[in-house]
Number of protein chains: 2
Amino acid sequence: MKKDPTAPRPRGRPRKFDREAALQIAVRMFWRRGFEATGIQDLADAMGLAPPSLYAAFGDKKTLFREAIAAYQAGPGAFARRAAEDGGPAREVIAASLRAAAHAFTDGEHPPGCMVILSTTNHGPGADDLAAWLRTLRTDGTQADWTRRIERDVADGLLPAGTDAAGLARFYMTVLEGMSIQAGDGADRAALEAVATLAMTAWPAQITQSTASPRI
Amino acid sequence: MKKDPTAPRPRGRPRKFDREAALQIAVRMFWRRGFEATGIQDLADAMGLAPPSLYAAFGDKKTLFREAIAAYQAGPGAFARRAAEDGGPAREVIAASLRAAAHAFTDGEHPPGCMVILSTTNHGPGADDLAAWLRTLRTDGTQADWTRRIERDVADGLLPAGTDAAGLARFYMTVLEGMSIQAGDGADRAALEAVATLAMTAWPAQITQSTASPRI
DNA sequence: CTTTTTTCATAGTGACCACTAAATATACCA
DNA sequence: TGGTATATTTAGTGGTCACTATGAAAAAAG
């Protein structure tokens, strides 16, 4: 991902700002204020550039916002994906995600809460498309992934047959979404961890490992 | 609350619109789009008035917003207060609140979710005061009320000594806040009721009525 | 050197924002 | 009927919005 020092330099005048650093500034502003309340002028000022340089580097405001969301998901918002990578049972994955969220939402280095959950909860008609896109990131992303993991555990006999996988996944997504608002309202790390722990006590009775059919 | 027909009519030219109906329109617009994404022009158009009439009747935008929040709390947002009025144990009050929320958030007559939770989650620097006010409505309102009820149940012996009342109240507020986002994302009434039911399974083991000291 | 390519800073564009000055209309009251 | 008080309509105010036309500056290529 680093740039190749042997690569030929581009032809024109080199830009005098760090595009990646400027993108991180956009992430933080959109994260804290949302899409509509963040102005191009605010972004350009914080990045130390004039608006034309911003437009040349990132395109229009919606394009920049989409890239900022992608950068969030690849960086500070990667906690859920990382928690899912070990491929363990759904209960472990979700518990780890909520714990990681409690940590990430209160790390002091970033705005509180999850950018995907918070940054278009309010929007005018001009941002309906962005709001719909973020909604699919929530429901077809994390929540659908959790649903599939729970279904797999039911198939494996780890959870009772008849378990409402979609409902269970929605409950934990609801908790994650609420934790984002709580973080914005000032809840500290211990408070969010307590919320996560309490939420996990709602998990259905697991079938003991001895009676469950092992996964191949 | 109805106007007295024997009261003398006011002196000047009577206004030709229904102030209460106009306020309800403002409630719905602020509820759906939030404070900043709702324009005075949009409000005036929807109410069928010109901006000066709106300013004469309601004052500036922030004042109208505050009145809209008050109207929401007195009307569609009164479900939590109503659920609390019977004065029963905290578990019943909170369970009833979540059930009522699942119903209210999906009644089809109003925007989805809770206005107090949703309408300033994104805001620019110009609305910091409104956002802070709504935060106090959440944390010092419903959440603090639930905390006091849980503390009372602990004192009454209904819940184990050492129960983290503030943490338990925060957990259920987190669920309520998440339900608001889920409602906006399209979760239907049955889905939200399932979330509420699942959340209540996290309630700590109650002490049986026979062993608990009765409330005077 | 000159030419080409890209970025830069200046200085705007029209559209919309919350909000209002001024004139007119409609009520009550003396 | 005239005076007063309030509401209404028209037509704006300055400010900010996202966005850009223009030309100078800075690099590589010839």
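Note on naming: letters A, B, ... go to the chains in the order of the sequence lines (proteins, then strands), and numbering restarts at 1 for each one.
Within the structure, salt bridge (charged side-chain N to carboxylate O under 4.0 Å, His left out) pairs that include any residue of residues 102-113 of chain B do not occur (at least two apart or interchain). For residues 108-153 of chain B, the ring pair (Phe, Tyr, Trp, His ring centres under 6.0 Å) pairs, not counting sequence neighbours, are B/W31-B/H110.
Partners of B/D153 under the salt bridge (Lys or Arg N to Asp or Glu O under 4.0 Å) rule, at least two apart in sequence or in another chain, do not exist in this structure. Evaluation of the salt bridge (Lys or Arg N to Asp or Glu O under 4.0 Å) rule for A/R138 yields B/D185 as partners, not counting sequence neighbours. With sequence neighbours left out, the side chain to side chain donor-acceptor pair (under 3.5 Å) criterion links B/D129 to B/K62.
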Which side-chain N or O atoms in residues 78-96 of chain A pair as donor and acceptor under 3.5 Å with protein atoms at least two apart or in another chain?
{"from": "A/R81", "atom 1": "NH1", "to": "A/E85", "atom 2": "OE2", "distance (Å)": "3.0"}
{"from": "A/D86", "atom 1": "OD1", "to": "A/G88", "atom 2": "N", "distance (Å)": "3.0"}

Pairs under 3.5 angstrom only: tabulate donor-acceptor contacts from the side chains of residues 166-179 of chain B to other protein residues two or more places apart or in another chain.
{"from": "B/Y172", "atom 1": "OH", "to": "B/A199", "atom 2": "O", "distance (Å)": "2.8"}
{"from": "B/Y172", "atom 1": "OH", "to": "B/W203", "atom 2": "N", "distance (Å)": "3.3"}
{"from": "B/T174", "atom 1": "OG1", "to": "B/R170", "atom 2": "O", "distance (Å)": "2.7"}
{"from": "B/E177", "atom 1": "OE1", "to": "A/Q182", "atom 2": "NE2", "distance (Å)": "3.0"}

Below 3.5 Å, can you tabulate the donor-acceptor pairs from side chains in residues 39-47 of chain B to any protein atom, sequence neighbours excluded?
{"from": "B/D42", "atom 1": "OD2", "to": "B/R33", "atom 2": "NH1", "distance (Å)": "3.3"}
{"from": "B/D42", "atom 1": "OD2", "to": "B/G39", "atom 2": "N", "distance (Å)": "3.3"}

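Using a 4.0 Å cut-off on heavy atoms, the residues of residues 32-39 of chain A that approach DNA chain D are A/T38, A/G39, listed by number. Taken residue by residue, residues 43-51 of chain A places heavy atoms nearer than 4.0 Å to DNA chain C at A/A50. Residues of residues 13-30 of chain B that place a heavy atom closer than 4.0 Å to DNA chain D, in numerical order, are B/R13, B/P14, B/R15, B/K16, B/F17. Using a 4.0 Å cut-off on heavy atoms, none of the residues of residues 54-70 of chain A approach DNA chain C.
At distances below 3.5 Å, not a single donor-acceptor pair connects side-chain atoms of B/T201 with backbone N or O atoms of B/T197.
Each of B/S53 and B/R11 has a nearest nucleotide on DNA chain D; the 5'-most of these lies closest to B/R11.
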